[in-house]
> 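Supplied in structure tokens, the structure appears directly below.
All chains are named by letter (A, B, ...) in the order of the sequence lines, taking the proteins before the strands, and each is independently numbered beginning at 1.
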Amino acid sequence: MEVSKKLSAYLTKLNTIRTTAIKSVKSESPTVKTFTLEDDICSKANPGQFLMLRIPGIDEIPLSILNAGEGQVQFSVKAVGDATRHLHNLTTGDLLGLRGPFGTSFTETRGRVLLIGGGTGTAPLLFLAKRLAAKVDRLSFVIGAKTKNELLYLTELDAVCTDESAIATTEDGSYGLQCLATEPLEKLVDKQKFNMIYTCGPEKMVKSIFNFAEKRKIAMEASLERLIRCGIGLCGSCMIGKYRVCRDGPVFTMARLSEVKDELGMSKLGFDGSRIEV
Amino acid sequence: MEVSKKLSAYLTKLNTIRTTAIKSVKSESPTVKTFTLEDDICSKANPGQFLMLRIPGIDEIPLSILNAGEGQVQFSVKAVGDATRHLHNLTTGDLLGLRGPFGTSFTETRGRVLLIGGGTGTAPLLFLAKRLAAKVDRLSFVIGAKTKNELLYLTELDAVCTDESAIATTEDGSYGLQCLATEPLEKLVDKQKFNMIYTCGPEKMVKSIFNFAEKRKIAMEASLERLIRCGIGLCGSCMIGKYRVCRDGPVFTMARLSEVKDELGMSKLGFDGSRIEV
Amino acid sequence: MNNNLLTVNIAGLKLQNPTALASGILGYTGDSFKFVEESGAGAIVTKSVGVSPRVGYSNPTVVQAKSGLINAVGLPNPGINEYTEELKYAKSVLKVPLIVSVFGYTSEEYALVAVKAAEAGADAVELNVSCPHVKYTGSEIGQNPKLLTDVVCAVKSAVQKPVIVKLSPNVTDIVELGKAAVKAGADALTVINTVRALAIDVETQEPILSNVRGGLSGPAIKPIAVRCVYDIFEALPKTPIFGCGGVSDWRDALEFFLAGASAVQVGTAIAFEEPAVFEAINKGVTAYLKRKGYGSVKEIVGLSHQA
Amino acid sequence: MNNNLLTVNIAGLKLQNPTALASGILGYTGDSFKFVEESGAGAIVTKSVGVSPRVGYSNPTVVQAKSGLINAVGLPNPGINEYTEELKYAKSVLKVPLIVSVFGYTSEEYALVAVKAAEAGADAVELNVSCPHVKYTGSEIGQNPKLLTDVVCAVKSAVQKPVIVKLSPNVTDIVELGKAAVKAGADALTVINTVRALAIDVETQEPILSNVRGGLSGPAIKPIAVRCVYDIFEALPKTPIFGCGGVSDWRDALEFFLAGASAVQVGTAIAFEEPAVFEAINKGVTAYLKRKGYGSVKEIVGLSHQA
Ligand SMILES: Cc1cc2nc3c(=O)[nH]c(=O)nc-3n(C[C@H](O)[C@H](O)[C@H](O)COP(=O)(O)OP(=O)(O)OC[C@H]3O[C@@H](n4cnc5c(N)ncnc54)[C@H](O)[C@@H]3O)c2cc1C
Ligand SMILES: Cc1cc2nc3c(=O)[nH]c(=O)nc-3n(C[C@H](O)[C@H](O)[C@H](O)COP(=O)(O)OP(=O)(O)OC[C@H]3O[C@@H](n4cnc5c(N)ncnc54)[C@H](O)[C@@H]3O)c2cc1C
Ligand SMILES: Cc1cc2nc3c(=O)[nH]c(=O)nc-3n(C[C@H](O)[C@H](O)[C@H](O)COP(=O)(O)O)c2cc1C
Ligand SMILES: Cc1cc2nc3c(=O)[nH]c(=O)nc-3n(C[C@H](O)[C@H](O)[C@H](O)COP(=O)(O)O)c2cc1C
Ligand code: FES
Ligand code: FES
């Protein structure tokens, strides 16, 4: 009772929209920009959590948190549709609405960890890597993109990774290895035992990493995406199995991934609540 | 802002009715009974504060707190009308509703203090006396009633007062001095300098003590009564001058008593909001 | 608070700032009005007063809900004759407009009380046709376009002072009632009175209010009140509106202005935040206007409709 | 939770306990219904489904208010044909009654969807004639006794399953509508849907919901919902009622039972308290019944009216 009352107050504050001016915008790639906003509540987020961003008059969308601290929060946005394209047209001083942070975060582990990020899915992993860097024995980070100029966060990655622990892959071979981000996996895992694989990215990628981790019995956590409307576990738009991606996720443990593996990479709910292909 | 937000949460909790069973009832006099209830919030009350007591299906009335602590609260009720007579018919196990504690409390002073109580007005003073007893140099307590068996709290009074510091007065002389409770005042004050007079009782009594204290330049605090409906400073039923007895009072300092002296002992608002004689 | 940014003019009433004391709150004595004025209110609305004295309901008359209060005080008031002295005194001490809230059981009664209130010095009258808990008056009139029209017409033809009509949210279509009031001559509207509600004590298993049903006020009803103001402004953009219902801070006040209110009335927040709430609202609104570069609060009235 | 104290029977539906999932909450998939059942709910109401697919409104569709939420999701649903598979699956995994919420733009549409829902295994249908934010359906029907009568009659003559009508609080007289529904054949009533409301972002100066207006739910509306249940029970003591609106804990549930509800539906509290809220309510109600010496929750339904 006491706990739930506290949660309720917590949620009210978290879930109240704060409208604030963009502090700065940075181009990460031709299609991805990183925004910095001031927000005390989101600045306390943990890696894996997401926020709901309102683009006034347009839409409100879920975005992973790329960085949080000192009263600020950052997120990266890939222009894929109406809302994200509008967002790319905004600049310092323009108003945005924030609520959150929401959802589960990655479990911090020790030992050797492997992070595999695809596209903007790299964002929460970079946030996690910064937290883990000083604490783990080895941190290997694989990122992938179609082509060189879509690879994100190369500089930041170098900063958190030691020697050859950062591996970039491109489908066209214009940078790093020419392969999918999942390919180096087998080699890395053959070389040494990893205590945990963290991943976020296209769901087909997550699914194939899950299959691999299950076969090789390596612990894993993945951040998933579904249609997010309310963001607070109420409307049911984001179901995967019996779980709500917005509240029971977005970060799923191995055990939970197993429970939903029939839907993983297969089906999700569309805007009209019908089942569609992922 | 932060303070008012806290007050708001505080008030919500305070002002929410708690319904609880009567723990015990004690007869203090033919017309006065003391009730003990369990209530965590009221058990933290300070002397001078009052609570709103709901007698289910009948009425909700203001009552001074006689004693508070260890999860319990006590109040004394004189049967004067519908609600109070109903209350006198209730017994252990019957349900009552509580909200509060509300209002201001007496300022604790050191040195020599004089308490003058009339009728059930003695209740908050007894509560105060218990708090002050060990801390002041001298505590003199005068209580008054029409006749002997209406004198309240004689035993408790002996417990808090040393030697001759407790004086009882009756109008018919059936016990103690035959006079009004205000009479011993002059003698006591002539004998020694008091740092503070605390009083509660019929308003004519309070008024005459106020006049005396003003003349003799002795600090004073009095607990006043007015019609209390909401108890939280909203409805305006309890105005005296610009003050709300339920929130700015019931305990008034000398300074505030001076501001409202034209109304003191003279006029108040009746149930229909018209001015009537006190 | 008094600065050029905040002055508003509603149906001929000049307010130094756009916050007013809502009816029924600290609403009896000239001294309490004066105190509220000193706390920063830009206008005063009295407790609703009728032809004859009423003692109201017995306690409990106010119950705490999770985010507001439920009240059924039952319109206790001394009757307009008895109250005239207090009104004259109030008028003599107040600098801000004094609005007398009026109720009656017939249109003649409304008109009679309004006339006497005006004679006693009222700068305007507000017709309480929306009290949700007293039979044969209040919302029983305000829920019925025909009765409402009669009452407003009667009062309008009896007094020269501005007539404000206070609408009930307990209707299927508040716009219909707003239009009826304005058509009958209302100079301004107060939107809204309390929302019909009830609380039960689960231990004693009975409704807590002595009157059983009451009206919900406070933060709980703010989103309902803002919606009503938005609806009314959309339909009647030229009619000045007092927004009322759950205003507790400057952000709340701004929501009402942006929805279409020219000023707000504050009630329940006085219990939660003390009368200092008026000053706090005015300070916050002033800071907002300056930050956004407005020259007057009037410039933002109804602005959310442009979106 | 399943114990003899808690079982209730509403219009032929056997509920192991008197708590149900409200429509529109976690309301799409059989898996989520199953999870809510495992969390302790005694019945499931689906998201409202119509004849054709609807994508709903764009975000924001849900806004936080001080003591509740304002939503205008816009009835996104896959249409009854597409949804039939999911319903069959849901029916196959659920032990508790499955109630399909139905909406339409005409009485024929309501009847069509109801028939298909019944064929897919619905144990009952709930008619959403009270959604406050989609044009030409929902409350536009539920605010009008004539339209309401047509819809209920059409559905009643088309399906054999119990028909529950979900009433809107956004009316002058909810009793009038409740009576119309029952006269037309409604087997039970759900009281209430959300209260029309609106929130404005003072910084961007525009309504926050993409649909501008939405419906207020959660603790804020509980006293309004309890009043509506009380009113309906007083007028229609023989009609079973699902109380709905702001139920967050066992005390809230008891208030509804004492006001006249045979069971409660829970929505918003699931966001604030998680689905575990069902189990918590049932535990609290059980303890209360034992402490007070009742043999069944049925014994306290409407008890506050005896006072
Ligand atoms: C937990 C989570 C974290 C995310 N983090 C990021 C991030 O860090 N950076 C980033 O660029 N993108 C992220 N996304 C995806 C991002 O939300 C969508 O790209 C965005 O909503 C597209 O909006 P749009 O209007 O531009 O595109 P639209 O034209 O509306 O849609 C394009 C596609 O985006 C997806 N989408 C649209 N709206 C939503 C929604 N409300 N919820 C989920 N998916 C939606 C759908 O698959 C849709 O087909 C995240 C999504 C989730 C669920
Ligand atoms: C701050 C405060 C503290 C009080 N403390 C005590 C106390 O400790 N013990 C005690 O016995 N009495 C106390 N009283 C007085 C007590 O509230 C009244 O005696 C009681 O309300 C009478 O109710 P009734 O229905 O029995 O009488 P009624 O027949 O209703 O009225 C008798 C008289 O009691 C007064 N009264 C009635 N209702 C109220 C009300 N809501 N608020 C204030 N006065 C009212 C009026 O003067 C009325 O004329 C206190 C009053 C106040 C304002
Ligand atoms: C205790 C109390 C008494 C009230 N009395 C009246 C009244 O006499 N006349 C009236 O028109 N409104 C009355 N109201 C309604 C308020 O004026 C106001 O419309 C309502 O409370 C909503 O505003 P708030 O949320 O700021 O309180 C009363 C409200 C309360 C809480
Ligand atoms: C996000 C959301 C979606 C809703 N969708 C529907 C719906 O599709 N059909 C319906 O009848 N009611 C719908 N409702 C209303 C709820 O079923 C319920 O009547 C209302 O929220 C009050 O209950 P609560 O306070 O427990 O949430 C919805 C409510 C919310 C918050
Ligand atoms: S987005 Fe609404 S439940 Fe997850
Ligand atoms: S009793 Fe209501 S203001 Fe004091």
> For each of D:Pro60, D:Ala199, D:Pro275, D:Ser32, tally heavy-atom pairs with chain A at distances under 4.5 Å, and name the one with the top tally.
D:Pro60

> Please determine whether a side-chain nitrogen of the Lys or Arg among D:Lys222 and D:Glu255 lies less than 4.0 Å from a carboxylate oxygen of the Asp or Glu.
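Salt bridge flag = yes for D:Glu255 with D:Lys222.
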
> Considering all heavy atoms of both residues, which atom of A:Leu87 and which atom of A:Phe35 are nearest to each other, and what is their separation?
O-CZ, 3.3 Å

> Between D:Val49, D:Val63, D:Val62, D:Leu75, which shows the greatest number of heavy-atom pairs under 4.5 Å with chain A?
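Option with the top pair count is D:Val62.
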
> Taking 4.0 angstrom as the limit, do A:Lys242 and D:Glu37 come out as a salt bridge?
no

> Tell me, for D:Ala276 versus chain A, whether the close heavy atoms (under 4.5 Å) come from the side chain, the backbone, both or neither.
neither

> Under a 4.5 Å heavy-atom cutoff, which of D:Val202, D:Asp201, D:Val277 has the most pairs with chain A?
D:Asp201

> Between A:Ile55 and chain D, with a heavy-atom cut-off of 4.5 Å, which part of the residue counts as in contact: side chain, backbone, both or neither?
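For A:Ile55, there is no contact with chain D at all, as no heavy atom is under 4.5 Å.
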
> Name the region of D:Thr204, side chain, backbone, both or neither, that has any atom closer than 4.5 Å to a heavy atom of chain A.
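Both parts, backbone and side chain.
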
> Name the member of A:Met52, A:Arg244, A:Arg275, A:Arg229 that forms the most heavy-atom pairs with chain D at distances under 4.5 Å.
A:Arg229

> Considering only heavy atoms, which portion of D:Glu85 lies under 4.5 Å from any heavy atom of chain A: side chain, backbone, both, or neither?
neither

> Given that the side chain runs from C-beta out, which part of A:Leu269 has a heavy atom under 4.5 Å from chain D: side chain, backbone, both or neither?
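Just the side chain, heavy atoms under 4.5 Å.
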
> Please rank A:Ser237, A:Pro56, A:Ala21 by heavy-atom pairs under 4.5 Å with chain D and give me the top one.
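Looking at each of A:Ser237, A:Pro56, A:Ala21 in turn, A:Pro56 comes out on top.
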
> So does A:Arg256 pair up with A:Glu259, basic N to acidic O under 4.0 Å?
no

> With a 4.5 angstrom heavy-atom cut-off, which part of D:Pro219 approaches chain A: side chain, backbone, both or neither?
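No part of D:Pro219 comes within 4.5 Å of chain A.
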
> How about A:Met266: does its CE atom have over 12 heavy atoms from other parts shown lying under 6.0 Å from it?
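12 or below, so no.
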
> Using non-hydrogen atoms and a 4.5 Å limit, figure out which bit of A:Leu14 sits close to chain D: side chain, backbone, both or neither.
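Neither part.
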
> Of all of D:Gly56, D:Pro76, D:Gly284, which one pairs up most often with chain A through heavy atoms under 4.5 Å apart?
D:Pro76

> Could you tell me whether A:Arg54 and D:Glu203 make a salt bridge, using a distance below 4.0 angstrom between a side-chain N and a carboxylate O?
no

> Going by an N to O cut-off under 4.0 Å, is there a salt bridge joining A:Glu225 and A:Lys268?
no

> Using every non-hydrogen atom in the two residues, find where A:Thr92 and A:Ser24 come nearest and quote the distance to one decimal.
OG1-CA, 3.8 Å

> Grab the two heavy atoms, one from D:Pro53 and one from A:Asp272, that are nearest each other, plus how far apart they are.
CB-OD2, 3.5 Å

